[in-house]
Amino acid sequence: MPAHNTEIADALDQVADLLELERANPFRVRAYRNAARAIRGLGSDVASLLLRGEDLPAIRGIGKDLAGKIKELASTEHLPLLDELRTHVPPVALELLRLPNLGPKRVKMLCDKLDIHSVEQLHRALLDSRVRELPGFSTGIEKKLLQAIEERPKGPARFKIAAVEGLVAPLLDHLRKAPGVDKVSVAGSYRRCQETVGDIDIVATAEKGPPVTRWFTRYEEVARIAAAGDTRATVVLRSGLQVDLRIVPAKSYGAALHYFTGSKAHNIAIRRMGQERGLKINEYGVFRGRRRIAGETEAEIYRAVDLPFIPPELRENRGEIEAAAADRLPKLVELADLRGDLHAHSTATDGHNSIEEMAAAASAAGLAYIAITEHSRHLAMAHGLDPARLRRQAAEIERFNGGRRDITVLRGIEVDILEDGALDLPDSALGELDLVVAAVHTRFNLSRDKQTERILRAMEHPHFTVLAHPTGRLIGEREPYDVDMPRLIEAARERGCFLELNAHPDRLDLSEVHCRMAKEAGVLLSIASDAHRTGDFAYLRFGVGQARRGWLAPQDVLNARSLRELRPLLRRTMA
DNA sequence: GCCGTTTTCGGCCCGACTGTTTTCAGTCG
């Protein structure tokens, strides 16, 4: 069994953790972390490349040694170095590293001096006051660790972007009223439109920091103050969301926003470029010697290292800096580029609004067309349509289109892909539609090979148009089913069909890595809301955020096309 | 472990907060 990119990346990250525990050269540790991140974000599957006899692409930061280890992992799923390192510390060490205030040094101390082998043992040692006696520990750390362990199961580790929106807006309102505050902006992974965020980073400008951090820590939703200084503070809200605030003077706003937006890997690369030009870049600005030469806007920071502005969604050090230097950054898709939505439901199945209401809401959202794509009969719990009901709905849609000019409703279906790869409705019914969106809703646990074959067989169907939510994942609730996405993308390219980027904030399926993979293969993506009620068209903005992280430009998006341009694409040309 | 117009050694991004180590190590982002 070959290992795939995420497994290779996980193994490299574990090597980094274990090396850190051994106090290895920190730059060696960083090399493993960089490699893990690079492999995780790679647009092609390493194991498949090797199977085809191709070599690893040249990646900055991956030299001869790491390339060898990656290939070994890809082909054998094993790495002798990792097995060796694992014998040096108890397995719990990796778990302890994830607790706040526990870094490699303190974890090593706990394992060596107190013989800790589980989080429960650590908890007991803390309660027995055995931990505070160790060098590097104190009653303060003891208290924080106890709190971290006791609160650990509560609240999700990462928050979905839609949930965070509702928490952030009132906090920003509060901060804008702080004494002496001018600008307030959210930075961090939220600004980069990551699908989930671990915490929220906020940058504010003010001449005097202390009154602002005081104002911030007194926000009524604050459950706990983790740290509070003159220019930065960290709190945990009652919801469990951690918020970091950084206050800088106005002239440092761009530098601070850039620094706090990250990603860390992107920042390191930019600062390194600064170094090469004799500049020092920090959150206060760009400096030549002691003289500040830039810092008020982000564009100035990039200009200082001879780059155009790089959109936050691309800042992962996955090639965006090289692309910017070569003036080859994509012009990223925007919400306003979307002309329609190819996945929506109505009351005929599990939706909450009529076709008329859905169409009116879509029109109000600026769309020129939507497809009504109900579930098919196999999904009985959603009252899926059989051929007769589908035909009646098609007639209803015809009548609707006859009476409206602002929006066109396309006749579609979200047909189940059955376990053997057949579609849940007969050709005669599917052939009368404008498009066929197909999806897996059952048997998520098939083996990778079987799941892949199942979907490939469905794609061969002459009426198959779009593969909906291609991995079936529900963020934080259900893992993606095991499927060979590079093969599906290749098959979609060959067969002239499309993949969906489901914009529902619980799904965001495809991932940004697979979006980019599809783009590079020339496969168009349908950014679709999967709306079940009129308000759900607002989800499209989350899909656009994900699409931007996947480097998609308007021309890479199926529904960024006008209805006229779209129609011929929906007709499959089968050999 | 990577890298090189400073190329096979000697660097590798940079700063804030905490605790208590009154000058800095550990952790975090």
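All chains are named by letter (A, B, ...) in the order of the sequence lines, taking the proteins before the strands, and each is independently numbered beginning at 1.
The separation between A:Met273 atom CE and B:dC14 atom P is 14 Å, rounded to whole Å. The interatomic distance linking A:Asn267 (CG) with B:dC28 (C1') rounds to 14 Å, in whole Å. Here the P atom of nucleotide B:dT21 and the CG atom of A:Leu134 are 15 Å apart, to the nearest Å. As a whole-Å value, the separation of A:Ile301 CD1 from B:dC14 P is 13 Å.
The base of B:dG15 does not come close enough to the side chain of A:Tyr259 for any donor and acceptor atom to sit less than 3.5 Å apart.
Counting only residues at least two apart or in different chains, side chain to side chain donor-acceptor pair (under 3.5 Å) contacts with residues 299-309 of chain A comprise A:His258-A:Tyr302, A:His266-A:Tyr302, A:Arg277-A:Asp306, A:Tyr302-A:Arg315. Among residues at least two apart or in separate chains, side chain to side chain donor-acceptor pair (under 3.5 Å) pairs with a member in residues 178-187 of chain A are A:Ser185-A:Tyr253.
Regarding contacts with the backbone of B:dG1, a side-chain N or O of A:Lys69 is found under 4.0 angstrom from either OP1 or OP2. For the pair A:Arg28 and B:dG1, the criterion of a side-chain N or O lying under 4.0 Å from OP1 or OP2 is met. The phosphate of B:dC17 has neither OP1 nor OP2 within less than 4.0 Å of any side-chain N or O from A:Thr213. At B:dT20, one or more side-chain N or O atoms of A:Ser138 fall inside 4.0 Å of OP1 or OP2 (strictly under the cut-off).
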Quick one: which protein N/O atoms are closer than 3.5 Å to N/O atoms of nucleotides 6-12 of chain B? Pair and distance per line, please.
none

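In this structure, the separation between CZ on A:Phe159 and CG on A:Leu237 is 8.5 Å, given to the nearest 0.5 Å.
The backbone N or O of A:His174 lies less than 3.5 Å from a partner atom in the side chain of A:Trp215, making a donor-acceptor pair. Put simply, the side chain of A:Arg106 never gets that close to the backbone of A:Phe137: no donor and acceptor are under 3.5 Å apart.
DNA chain B lies under 4.0 Å from no heavy atom of any residue of residues 313-324 of chain A. Contacts of residues 280-291 of chain A with DNA chain B (heavy atom under 4.0 Å): A:Lys280, A:Ile281, A:Asn282, A:Glu283, A:Tyr284. Contacts of residues 241-248 of chain A with DNA chain B (heavy atom under 4.0 Å): A:Gln242, A:Asp244, A:Arg246.
Nucleotides B:dC17 and B:dG10 are separated by 31 Å at their C1' atoms, to the nearest Å. Comparing the C1' positions of B:dT6 and B:dC12 gives an interatomic distance of 14 Å, to the nearest angstrom.
Here B:dT8 sits opposite no nucleotide as a Watson-Crick or G-U wobble pair (both hydrogen-bonding atom distances under 3.5 Å).
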